[in-house]
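Just so you know, ligand 1 is whichever comes first in the structure, and atom 1 is the first atom listed for that ligand. Below, each value reflects all heavy atoms present in this structure, side chains not excepted, and no hydrogens, waters or symmetry copies.
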Amino acid sequence: MPIIETEIPANELVFGHPKGLYVCFFTEMWERFSFYGMKALLFLYLVKYHLFTDEYGYNLLGAYGALVYALPVVGGLIADRYLGMRKAVIFGASLLVMGHFGMAFEGHAASKVSGEIVRDTQALQIFYFSLSLIIMGVGFLKPNISTIVGKLYPQNDPRRDSGFTLFYAGINLGAWIAPLICGYLGETYGWKYGFGLAGIGMLAGLIVFIKGQKYLHGHAESAHPERLKEKRFGLATEYWIYLLAILSLTLVWGLLQKHSVSLQIVSWLPSVSPVIWLLHSITLILAIGIGWFMIKYCNKAERQQMMALIVIIFAGLLFFGLYEQTYSSWVAMSDRVMDRSMLGTELSASQLTALGAFFILVLTPFFTWLWPYLDARKINPSTPLKMAIGLFFAGLAFLVLVWATHSSGANGLISVWFLVLAYFVLEIGEMTLSPISLSAVTQLSVKRVVSLMMGAWFLGTSYSEILAAELSKLAALATDAGKVSDVAFAIGKYETLFIFSAKIGFVTAIVFLILVPLMKKWMHGIH
Ligand code: PHE
């Protein structure tokens, strides 16, 4: 179907936005519900139920996170060239439903038999396969549902920005509620209940999308429907795509299990895990493609804008490298050395990850007011300055935690209020950096390669996941099913990690600050 570029008819609007926006809002809300509900539990599940070491848990989280955000690069391209967004979302959501329900199959808990740990290897294979389904599912769903939001509005429609703000709120609504409920169920009644609820959430997302797809009015259809029908070796291209994606699951399944293996491909390069090799390969291909495009097809101004965008993607990589520790080292720390009682109740470590999305929701109205307010007074910081500010706040959040490690109470534990404050500070950073860097992608990129550059942004966050895992490992502890025997020693380890992370935030903030004048020049009038 053709892309419709006309005004949206009044009977299609709800609160000033096309009905399709609400379809995307609720689909993505449920998708993020399942995603973050599961992620909140993942590290604790590995360490407490399957009795893996901290290193193993962090490595797996890193590999999983890296693949989850690397595949959207491919998923976005496939939808662009062949499938169209609607079909990609339905396919991705179906894989996600299976993946999340698969996670609910926990098998037997690991046990120690005469000093040796015995694990349910069969259940672990199902676990890895479920994670692969989630990775592939996110790859098809995540980039495309956001693209649909953009397509619902005619060119230059001023409502698009507020549409995206609403959509981001949907993401965070899911990310806020999920850890509270899935975390509670998982840690109180049994892991499978937490993971199972995530599956139910994803099923709700799939149903919402299937029922609501009619409101997308053809905006999310393939731009080349004839390509989909084209037969290759007797099978239509569309089915080849599904088939190849399903076959590739085995590759992801294998890669994921090698998260702690180091691979030396050539002697002069460091040995890293196969997942990191994959990331490097995708980066190399992307870099060659983008580099060639910049040299061949861009004029000087466009080339400089693209360079500015690449620097911004780096800022995102560093910021989320610090940020993503909230699901690894922050969870471990809150579980082990924190007095988590607050306001008469006690939240579990996984539940506390809800604080991130909670503060985003709280801060959104403030920031929606702040930027136009500063703009009107001509003191709105430029995009590169906002990158520096975001990184500074990430550093500051870790500094709050350093302070926390020096302020344990009479029981030797850290008060949960430090974590609340750290999240609050971190989210100021996210609100300053993340939406602005995403909008910079759409503004600075040459139009023809926007999806590719969005892919590059996602690839940046892939590396963030690896960075977060590597950093967390600085505070890997020997535990007994997640329990530490020496709390003071553990706090000391976390302190070292937090000091180092804070330094990364502050030093990179200074580097980006120094780059501001050059970046402004490169951006040629885009703020
Ligand atoms: N937290 C947001 C989301 O889940 C933004 C984000 C995307 C952050 C990808 C990191 C990586 O959509």
Side-chain angles (χ1 to χ4, degrees), residues 24-40 42 61-62 64-73 75-76 89 92 96 134-135 137-150 164-179 198 201-202 205 279 312-328 330 353-361 363-364 367 387 390-391 394 423 426-441 453-469:
C24 295
F25 177 101
F26 286 110
T27 307
E28 182 60 344
M29 182 193 86
W30 282 119
E31 188 268 330
R32 291 285 100 178
F33 175 96
S34 59
F35 185 80
Y36 286 115
M38 187 282 269
K39 195 166 179 181
L42 191 53
L61 238 65
Y64 162 71
L67 288 169
V68 135
Y69 288 127
L71 285 221
V73 182
V89 167
L96 277 162
I134 294 173
I135 290 167
V138 171
F140 275 94
L141 187 143
K142 178 90 170 140
N144 297 314
I145 192 101
S146 324
T147 319
I148 299 178
V149 175
F164 268 108
T165 309
L166 260 171
F167 181 70
Y168 209 73
I171 289 180
N172 286 294
L173 207 58
W176 169 47
I177 301 169
M202 194 55 238
L279 290 197
I312 288 171
I313 290 173
F314 260 104
L317 186 164
L318 290 163
F319 178 83
F320 282 109
L322 297 175
Y323 184 96
E324 286 296 312
Q325 283 189 63
T326 51
Y327 293 93
S328 44
W330 288 29
T353 60
L355 283 166
F358 170 73
F359 281 125
I360 294 230
L361 291 170
L363 288 168
T364 297
F367 277 92
M387 300 299 114
L391 284 163
Y423 264 110
L426 185 66
E427 292 310 340
I428 296 178
E430 181 176 354
M431 286 308 288
T432 312
L433 180 139
S434 175
I436 278 73
S437 68
L438 278 174
S439 120
V441 176
M453 294 312 287
M454 201 53 109
W457 191 90
F458 270 110
L459 194 61
T461 55
S462 266
Y463 279 98
S464 307
E465 298 281 348
I466 301 285
L467 180 60

For this session: Please check if the distance between the ring centroids of Tyr327 and Tyr36 is under 6.0 Å.
Result: yes
Problem set entry | Arg32 side chain near Lys142 side chain, heavy-atom distance below 4.5 Å | yes
For this session: Answer with yes or no whether the side chains of Ser434 and Tyr323 bring together a donor and an acceptor at under 3.5 Å.
Result: no
Problem set entry | Residues in the immediate environment of ligand 1 (any heavy atom closer than 4.0 angstrom) | Arg32, Tyr36, Tyr69, Lys142, Tyr168, Ile171, Phe320, Thr461
Exercise. Do Glu28 and Leu141 come close enough that some side-chain heavy atom pair is under 4.5 Å?
Worked result: yes
For this session: Indicate whether any N or O donor in one side chain lies under 3.5 Å from an N or O acceptor in the other, for Glu465 and Tyr69.
Result: no
Exercise. What do you reckon, is CZ of Phe367 surrounded by more than 12 foreign heavy atoms closer than 6.0 Å?
Worked result: yes
